[in-house]
Amino acid sequence: LFLFADAVREVRKYSAVHVNEKAVNVNANAFDHIQMKLFRSQRNLYLSGFSLFLWLVLRRTVTLLTQLAKGMASHAALETQVNDATEAAKKYMAENERLQEALNEKGSGKKKESAEATDEKLKKEVEHLKAELEKTSNGKH
């Protein structure tokens, strides 16, 4: 910034001298010397201006790259977190299915026991009815 401001000042100084010297019509060597200094100050102005512009562009590029890197890191962390959550959910679902199967097996075991108990009751009732039928049939004959 300092070099750019200095170059602007030098260009203004030698441009003003250029107009004054041309009007006064001083010797050719002095005019050429002023032209040389004006050229150098303009060259310095362009170089410092261009380097200032490149500095701003480079700064913006670095800022954007930093933001992109942070975004990519955040995305990678979120992707890892999602994968871990998915794996945990699959694990819990498999465990839940295994527990459901175990519960169903216990339930079917209870059903078998209750079916056996019902069968026993029915067999006893059939025997009881057969015994009564035999009593009634023996009594009538």
Set of residues satisfying side chain to side chain contact (heavy atoms under 4.5 Å, CB included) with respect to Arg60, sequence neighbours excluded: Thr63, Leu64

Please list, one pair per line, the donor and acceptor atoms closer than 3.5 Å that link side chains of residues 67-92 to other protein atoms, with sequence neighbours excluded.
from	atom 1	to	atom 2	distance (Å)
Thr80	OG1	Ala76	O	2.9
Asn83	ND2	Glu79	O	3.4
Thr86	OG1	Val82	O	2.8

For Thr61, all residues meeting side chain to side chain contact (heavy atoms under 4.5 Å, CB included), sequence neighbours excluded: Val57, Leu65

Output every pair passing side chain to side chain donor-acceptor pair (under 3.5 Å) with a member in residues 119-131, not counting sequence neighbours, ordered by first then second residue. His128-Glu132

Taken to the nearest 0.5 Å, the spacing of Leu133 CG from Thr136 OG1 works out to 4.5 Å

In this structure, CD1 of Ile34 is separated from NZ of Lys13 (nearest 0.5 Å) by 10.5 Å

Which side-chain N or O atoms in residues 37-54 pair as donor and acceptor under 3.5 Å with protein atoms at least two apart or in another chain?
from	atom 1	to	atom 2	distance (Å)
Ser41	OG	Lys37	O	3.2
Ser41	OG	Leu38	O	2.8
Asn44	ND2	Arg40	O	3.4
Ser48	OG	Asn44	O	2.9
Ser48	OG	Leu45	O	3.2
Ser51	OG	Leu47	O	3.1
Ser51	OG	Ser48	O	2.9

